[in-house]
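These numbers come from the heavy atoms of this one structure, side chains and all, not from hydrogens, waters or symmetry mates.
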Amino acid sequence: MEITKRREIFFLSELRAIACIAIVILHTFYAVSVYAPDHTARIAALTTRNLMMWAVPCFVMVSGALLLDSAREVTYRKIFRKYIPRVLAALVLFSVVFQIFDDATGESSIQFKTILYGLQNAVTGSGWKHMWYLYLITALYLLLPFYRKIAASLNSKDTYYLLSVYLVFLSLLPMLQTLTEKSTAFYICVYSVYPLYLFLGDAFMQKRICKKPWLMILLASVGTIAVACLTILSEKKSIAALSELLTSYAFPLIVLQSAGIFGLMSYREKKAPKVLYWILHQIDQCSFGVYLIHMLFLKLVLVVWKWNPYMHGGFFMILALSVGTFLCSFLCIRLLKYVPILKKIL
């Protein structure tokens with residue numbers, strides 16, 4: 001059992017590291033799409049962005065796999081003295097840092113009210129857009145004790161039922177409502193799709209649902225190909241409803257693609273080669289901080305310096321920008337972790 005658990009921890013660490021890189025690529029291609037010189041370049045950028053949409057769902061599934069495990073001790077004390085304070089501290093710190101950055105690089109000067117605006121952004125959610133993830137994690141932590149009770153009592157049949165209800169009401173129905181512009185009066189008392197991912201990660205980890213390799217490959221492949229094709233279609237035909245769906249983590253194709261990637265990774269019997277695993281483990285250790293800070297480097301390059309990658313090589317230069325952004329973010333977080341108080345946050 002111990003060997004199995006350690007293998008699964010290896011796989012979760014590897015997946016979280018890969019997802020971290022994917023998120024940087026996602027945000028980079030989305031940010032540069034405004035500089036696209038023509039429709040083809042814009043389609044290429046947005047297609048690449050949409051193909052990385054599995055990353056955040058996989059992050060949530062990793063959390064579900066770890067935090068809903070009944071063998072793992074998660075007490076109210078740990079939630080309210082460790083998990084939530086860490087997220088809130090990061091939210092406040094980076095909301096202020098980003099406001100300072102905006103004022104320092106914009107028309108306003110840094111004043112005491114800069115800090116107040118940063119604190120206000122943390123409360124109202126009006127700061128940088130990628131900070132939404134911290135509010136999501138806080139919400140999941142608050143209900144974690146009850147999610148764990150539900151997960152602990154599930155058998156295979158219960159799991160399929162729960163995931164099916166979530167999929168229908170939080171993914172399929174919203175998709176149909178977006179496409180038809182007609183709403184239904186039927187609903188379930190859940191605000192967002194993310195509990196689906198949380199329970200899905202736990203279901204894969206506890207082997208309560210089928211995760212045959214061929215099925216996972218099928219889900220990941222079909223989801224990826226369909227997302228790419230639909231992105232091209234939505235941009236060429238200017239289908240606003242379809243474009244909106246492709247940027248939603250509730251879109252059924254993204255749910256299936258994410259499930260396929262997570263399930264496929266979980267099927268691996270061996271961890272990555274020693275050197276590669278060490279690299280991925282180091283990235284994993286910094287993934288939370290990289291997520292928070294990478295947008296600062298992107299905004300510096302693309303907004304403040306107004307550097308246009310399409311004038312310096314196009315698509316491959318955007319890839320290089322993604323790599324550079326990731327490396328700068330990773331090295332920055334590695335250094336910041338030597339500061340004791342920041343180490344606890346990052």
Side-chain angles (χ1 to χ4, degrees), residues 19 22-23 26-27 30 33 46-47 49-64 68 125 129-140 142-143 146-147 150-151 154 158-204 209 218-263:
I23 286 175
L26 183 157
H27 286 153
Y30 179 62
S33 64
L46 294 181
T47 300
R49 186 276 303 270
N50 289 347
L51 288 177
M52 299 295 113
M53 286 288 288
W54 57 267
V56 167
C58 280
F59 258 119
V60 179
M61 282 191 274
V62 168
S63 296
L68 297 184
K129 290 183 178 180
H130 75 300
M131 298 291 278
W132 72 270
Y133 185 71
L134 300 188
Y135 301 99
L136 165 65
I137 293 299
T138 302
L140 292 177
L142 286 171
L143 290 176
F146 303 98
Y147 290 147
I150 294 172
L154 294 176
D158 296 332
T159 300
Y160 277 113
Y161 176 77
L162 177 65
L163 296 178
S164 297
V165 170
Y166 274 155
L167 183 63
V168 168
F169 283 92
L170 302 178
S171 182
L172 291 174
L173 281 183
M175 176 190 71
L176 293 175
Q177 290 175 13
T178 299
L179 291 176
T180 63
E181 297 184 349
K182 296 182 183 297
S183 60
T184 176
F186 295 98
Y187 66 93
I188 58 174
C189 299
V190 177
Y191 177 71
S192 73
V193 73
Y194 300 103
L196 166 62
Y197 290 118
L198 200 71
F199 283 110
L200 193 55
D202 175 66
F204 274 124
I209 60 175
L218 181 64
L219 289 178
S221 301
V222 170
T224 299
I225 293 171
V227 166
C229 293
L230 290 178
T231 300
I232 295 171
L233 176 65
S234 67
E235 291 301 315
K236 283 190 173 182
K237 301 296 184 180
S238 298
I239 307 174
L242 186 55
S243 297
E244 180 183 342
L245 286 171
L246 287 163
T247 59
S248 169
Y249 294 117
F251 188 37
L253 285 175
I254 292 174
V255 174
L256 296 178
Q257 179 198 31
S258 303
I261 291 172
F262 187 95

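Each of Lys237, Glu235, Lys236 was checked for a side-chain contact (heavy atoms from CB on, under 4.5 Å) with Ile239, and the lone residue meeting it is Lys237.
Leu134 approaches Thr138 most closely through the heavy-atom pair O-OG1, 2.8 Å. The shortest non-hydrogen separation linking His130 to His27 is CB-CE1, 4.1 Å. In this structure, Val168 and Pro174 approach most closely via the heavy-atom pair O-CD, 4.2 Å.
The salt bridge (Lys or Arg N to Asp or Glu O under 4.0 Å) pairs that include a residue from residues 220-230 number zero, where partners must be two or more places apart or lie in different chains.
In terms of the side chain to side chain contact (heavy atoms under 4.5 Å, CB included) criterion, residue partners of Ser221 (sequence neighbours excluded) are, by chain and number, Ile217. Looking at residues two or more places apart in sequence or on another chain, you find a side chain to side chain contact (heavy atoms under 4.5 Å, CB included) between Tyr160 and Ser156, Ile209, Cys210. Listed by chain and residue number, Tyr161, Phe169, Ile188 satisfy the side chain to side chain contact (heavy atoms under 4.5 Å, CB included) test with Val165 (two or more places apart in sequence, or in another chain).
For the atom pair CG (Leu163) and CG (Asp158), the distance works out to 10.5 Å, reported to the nearest 0.5 Å. Atoms CG and CZ, on Leu162 and Phe199 in that order, are 5.5 Å from each other to the nearest 0.5 Å. Distance check: Thr47 OG1 to Ile232 CD1 gives 5.0 Å after rounding to the nearest 0.5 Å. Rounding to the nearest 0.5 Å gives a distance of 4.5 Å between CG of Leu68 and CG of Leu198. Rounded to the nearest 0.5 Å, atoms OH (Tyr133) and CG (Leu136) are 6.5 Å apart. Note that CG of Asp202 and OG1 of Thr159 are 7.5 Å apart. Values are rounded to the nearest 0.5 Å.
In this structure the side chain of Pro195 reaches within 4.5 angstrom of the side chain of Val190, judged on heavy atoms. Looking at Leu200 and Tyr166, their side chains never come closer than 4.5 Å, going by heavy atoms from C-beta outward.
Relative orientation of the Tyr194 and Trp132 rings is tilted, given thresholds of 30° and 60° on the angle between their planes.
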Donor-acceptor contacts under 3.5 Å from residues 50-61 side chains, at least two apart:
| from | atom 1 | to | atom 2 | distance (Å) |
| --- | --- | --- | --- | --- |
| Asn50 | ND2 | Thr231 | OG1 | 2.9 |
| Trp54 | NE1 | Leu51 | O | 3.2 |

Contacts table for residues 246-263: side-chain donor-acceptor under 3.5 angstrom, sequence neighbours left out:
| from | atom 1 | to | atom 2 | distance (Å) |
| --- | --- | --- | --- | --- |
| Thr247 | OG1 | Glu244 | O | 2.9 |
| Ser248 | OG | Ala250 | N | 3.1 |
| Gln257 | NE2 | Thr224 | OG1 | 3.0 |
| Ser258 | OG | Ile254 | O | 2.7 |

### Task
Check the pair Cys189 / Tyr187 against side-chain contact (heavy atoms from CB on, under 4.5 Å), numbers first and verdict last.
CA-CA 7 Å; Cys189 299; Tyr187 66 93; 4.2 Å; yes
### Message
For a side-chain contact (heavy atoms from CB on, under 4.5 Å) check, start with the C-alpha distance between Leu233 and Cys229, then their side-chain angles and the critical distance, and finish with the verdict.
### Response
CA-CA 6 Å; Leu233 176 65; Cys229 293; over 6 Å; no
